[in-house]
Amino acid sequence: MKDLILAQLQQLVEALQAEGVFPADFSPTLQLDNTKDKAHGDLATNLALAGAKAAGQKPRDLANLLVARLQAQPELGKAVSKMEIAGPGFINFFLAQDALSAIVPRILNEGAQFGLGQQGQGQKVQVEFVSANPTGPLHIGHGRGAAIGDCLCRLLEATGWDVTREFYYNDAGAQINNLALSVQARVKGLGPDDPSWPADGYRGAYIQDVAVAYLAKETITADDQQVTGAADPEDLDAIRRFAVAFLRREQDLDLQAFGVQFDRYFLESSLYAEGRVEETVQRLIQQGYTYEEGGALWLRTTDFGDDKDRVMRKTDGGYTYFVPDVAYHLNKWQRGFTKVINEQGADHHSTITRVRAGLQALGENIPQGWPDYVLHQMVTVMRSGEEVKISKRAGSYVTLRDLIDEVGCDATRFFLAARAATSQLTFDIDLARSQSNENPVYYIQYAHARLCSVARQAEDKGYRWSLAEAEPVLETLVSEQEQQLLKWLARFPETLARAATELEPHQMAQYLRDLAAATHSWYNAQQFLVEDAAVRTARLALAAATRQVLAQGLGLLGVSAPEQM
RNA sequence: GCGCCUAUAGCUCAACCGGAUAGAGCAACGGCCUUCUAAGCCGUAGGUUGCAGGUUCGAGUCCUGCUGGGCGCGCCA
């Protein structure tokens, strides 16, 4: 519908260029917006306003010309019942009733394919998210990353991309060493308050769990590895391997409970083992962007917009973290991912410039803005009216598992994905628990469940219908609520496309609330199971289409669509 | 001091590459269940979009300055 009008506008612009009304270089991005006020019709374009200057006419005069020309198009006449010029020069389109209801058979015919796009054209995209180091359970911040990252993946899959979900972690650095030392201390029977407890040790109670399992020679099976405890208190390397596997498994269980599944786990140590770090360093040296100073090797990242140069190789001979980071991203590029999205917490935003600078310095013709980043702002957790400070080492923080257990997977996912990533998030646990009935996710799920219930009862009463029967009677869907609902249904494809293109899952969540609101309003305004077979069939068809779109939308957020509450 | 994000109703947040009278939920107030699920609906109230300028037909949105909040600014990751 929208496409039809846009195509007509495009044709018109080209025709007017040929006639000399518009200059030949006039190429506006055609805008056809959903209106906020129904008095302004269904769709509106600002073409007369945007093109007034180019055409040398007053906006309203130009609008008159445009409308006259559009009215001469017979195809448009079928879809548009009325065009009006309003305000400073907007052209408002009022859609014909049968054009609106045509969305119902389209939805039901296309089924699960409805609204899906092909923008990705089957191209590969890699999305890296969560990427938590295995030094403790996942916390709420990781949860936000998991919710946003996974929803992004679902949106990209729905728009024709071949998505790889990847989780990168450091299994060999200083923090992992701290972890191993902490577990070793527990293995030897020490507690966090003991004077000889490691200075930077992890104090959380879960360290004790690791130690007990290690001594019991448990075999740990994580998604990407399997390790058996050696039970030897002196074998720090064995403790380290065991602890990493143990905490990886814990994270995997949390992610599984959260409905997130990765295609690949990427170990930082593999970059060293396969010589990729060393290779990256050598290439950077060859490219001439490095220099030695103060016993360290530096990369001239200031050549690529950084505010200071960065150390690559420390005086102790080890590499700083950003070198394997660059090696990892080179590897992504070499694997053929021309599109890569990194979803991370905003506290790591300084790595963006560094990684991109390193990639530029490699001279591989990697595009300057590659890879894409989606940064989410910090999550503040409130419990009992107080802010809970997140501190891994102190061991006091809210885990993702806590949230899933207390609030539920659906509500947690929705809550964490429903807000723009750029916005800071306050998660009040008491509120989420005590008022869970008023959580927006239930509002949407309830709309879905209600429509399922209607379908069940129609079935019980023998009110059968088919799409073929429904199509001729859809013109009976004339009430205010039905018209409104039809419009919202028609917006699903464009909402999906926008959310995917702009990497903003919250747009889908926002849309679903609006769609659910339109559903509830309709539900309360009219009966479905009425005597009049034509009206009943039309309404049942609309209900089925709405139910389907609600389920599709919830699926894109990774939230379930229950058939009853 | 520098960089990134941010400031919208009492609270939590939206607002479609600049569009018409800035919208939802929660909280408040008033209505609606002998009818398909009241986890719902309908209505009322609530705003100088942090402040001051600028750009233009038009600014919550873009630019400049200021103020407040968050996060970074390591030879940690």
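Lettering of chains follows the sequences in order, A, B, ..., and the numbering in each one begins at 1. None of these values were measured; they are calculated from a predicted model.
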Does the base of [N] carry an N or O that pairs as donor and acceptor with the side chain of [X] under 3.5 Å?
{"X": "A:Gln527", "N": "B:rU35", "answer": "yes"}
{"X": "A:Asp347", "N": "B:rG72", "answer": "no"}
{"X": "A:Asp514", "N": "B:rA15", "answer": "no"}

With no hydrogens and no angle check, just 3.5 Å: does a side-chain donor-acceptor pair link [X] and [Y]?
{"X": "A:Gln175", "Y": "A:Asp200", "answer": "no"}
{"X": "A:Glu128", "Y": "A:Tyr373", "answer": "no"}
{"X": "A:Lys58", "Y": "A:Asn64", "answer": "no"}
{"X": "A:Glu502", "Y": "A:Gln507", "answer": "yes"}
{"X": "A:Arg547", "Y": "A:His448", "answer": "yes"}
{"X": "A:Asp410", "Y": "A:Tyr442", "answer": "no"}
{"X": "A:Thr353", "Y": "A:Asp306", "answer": "no"}
{"X": "A:Arg356", "Y": "A:His329", "answer": "no"}
{"X": "A:Gln526", "Y": "A:Ser479", "answer": "yes"}

Can you tell me how far [atom1] in [N] sits from the matching atom in [M], rounded to whole Å?
{"N": "B:rA27", "M": "B:rC41", "atom1": "P", "value": "13 Å"}
{"N": "B:rU64", "M": "B:rA59", "atom1": "C1'", "value": "15 Å"}
{"N": "B:rC73", "M": "B:rG54", "atom1": "C1'", "value": "32 Å"}
{"N": "B:rG50", "M": "B:rA7", "atom1": "P", "value": "8 Å"}
{"N": "B:rU8", "M": "B:rG60", "atom1": "P", "value": "15 Å"}
{"N": "B:rG43", "M": "B:rG23", "atom1": "P", "value": "14 Å"}
{"N": "B:rC62", "M": "B:rU37", "atom1": "C1'", "value": "48 Å"}

Distance test, side-chain N/O of [X] to OP1/OP2 of [N], below 4.0 Å:
{"X": "A:Tyr443", "N": "B:rC41", "result": "yes"}
{"X": "A:Gln457", "N": "B:rU37", "result": "yes"}
{"X": "A:Lys36", "N": "B:rA20", "result": "yes"}
{"X": "A:Gln31", "N": "B:rC17", "result": "yes"}
{"X": "A:His348", "N": "B:rC4", "result": "no"}
{"X": "A:Arg450", "N": "B:rA39", "result": "no"}
{"X": "A:Thr426", "N": "B:rU12", "result": "no"}
{"X": "A:Ser350", "N": "B:rC4", "result": "no"}
{"X": "A:Lys308", "N": "B:rC73", "result": "no"}

Looking at [Y] and [X], is any side-chain nitrogen of the basic one under 4.0 Å from a carboxylate oxygen of the acidic one?
{"X": "A:Glu504", "Y": "A:Arg498", "answer": "no"}
{"X": "A:Glu84", "Y": "A:Lys82", "answer": "yes"}
{"X": "A:Asp307", "Y": "A:Arg310", "answer": "yes"}

Looking at [options], which one has an atom nearest to any side-chain atom of [X]?
{"X": "A:Tyr523", "options": "B:rC57, B:rC5, B:rA38", "answer": "B:rA38"}
{"X": "A:Asn92", "options": "B:rA20, B:rA14, B:rC41", "answer": "B:rA20"}
{"X": "A:Ser453", "options": "B:rU37, B:rG70, B:rC36", "answer": "B:rU37"}
{"X": "A:Tyr446", "options": "B:rG40, B:rA77, B:rC36", "answer": "B:rG40"}
{"X": "A:Thr422", "options": "B:rG40, B:rC5, B:rG72", "answer": "B:rC5"}
{"X": "A:Ala44", "options": "B:rA20, B:rA14, B:rU56", "answer": "B:rA20"}
{"X": "A:Arg419", "options": "B:rG70, B:rG40, B:rA14", "answer": "B:rA14"}
{"X": "A:Ala86", "options": "B:rC13, B:rA20, B:rG40", "answer": "B:rA20"}
{"X": "A:His506", "options": "B:rC75, B:rC36, B:rA14", "answer": "B:rA14"}

Going by heavy atoms closer than 4.0 Å, what residues in [range] are next to RNA chain B?
{"range": "residues 55-67 of chain A", "answer": "none"}
{"range": "residues 408-417 of chain A", "answer": "none"}
{"range": "residues 311-320 of chain A", "answer": "A:Val311, A:Lys314, A:Thr315, A:Thr320"}

Expressed as a whole number of angstroms, how long is the span from [X]:[atom1] to [N]:[atom2]?
{"X": "A:Asp306", "N": "B:rC73", "atom1": "CG", "atom2": "C1'", "result": "10 Å"}
{"X": "A:His376", "N": "B:rC71", "atom1": "NE2", "atom2": "P", "result": "13 Å"}
{"X": "A:Glu531", "N": "B:rC36", "atom1": "CD", "atom2": "P", "result": "15 Å"}
{"X": "A:Arg498", "N": "B:rC17", "atom1": "CZ", "atom2": "C1'", "result": "8 Å"}
{"X": "A:His349", "N": "B:rC71", "atom1": "NE2", "atom2": "P", "result": "12 Å"}

What does the 5'-to-3' dot-bracket notation of RNA chain B look like when only Watson-Crick and G-U wobble pairs under 3.5 Å count, and pairs to other strands show as |?
(((((((..((((.....[...)))).(((((.......))))).....(((((..]....))))))))))))....

Listed by chain and number, what are the ring-ring contact (aromatic ring centres under 6.0 Å, His included) partners of A:Phe414, not counting sequence neighbours?
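Per chain and number, A:Phe414 pairs via ring-ring contact (aromatic ring centres under 6.0 Å, His included) with no residue.
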
List the residues meeting ring-ring contact (aromatic ring centres under 6.0 Å, His included) with A:Tyr168, not counting sequence neighbours, and say none if there are none.
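Scan of A:Tyr168 (ring-ring contact (aromatic ring centres under 6.0 Å, His included), adjacent residues dropped) gives A:Tyr328.
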
With RNA chain B as reference, determine whether A:Gln564 or A:Gly294 sits nearer its 5' end, using the nearest nucleotide of each.
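Mapping each residue to its closest nucleotide by heavy atoms, the 5'-most match is A:Gln564.
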
Between CE on residue A:Met508 and CG on residue A:Leu152, distance to nearest 0.5 Å:
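If we round to the nearest 0.5 Å, A:Met508:CE and A:Leu152:CG are 12.0 Å apart.
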
So that I know where these two stand, are A:Phe167 and A:Phe129 an aromatic pair - ring centroids less than 6.0 Å apart?
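So the answer is no for these two rings.
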
Answer yes if the ring centres of A:Tyr289 and A:Trp298 are under 6.0 angstrom apart, and no otherwise.
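No, the ring of A:Tyr289 stays outside the 6.0 Å limit from the ring of A:Trp298, centre to centre.
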
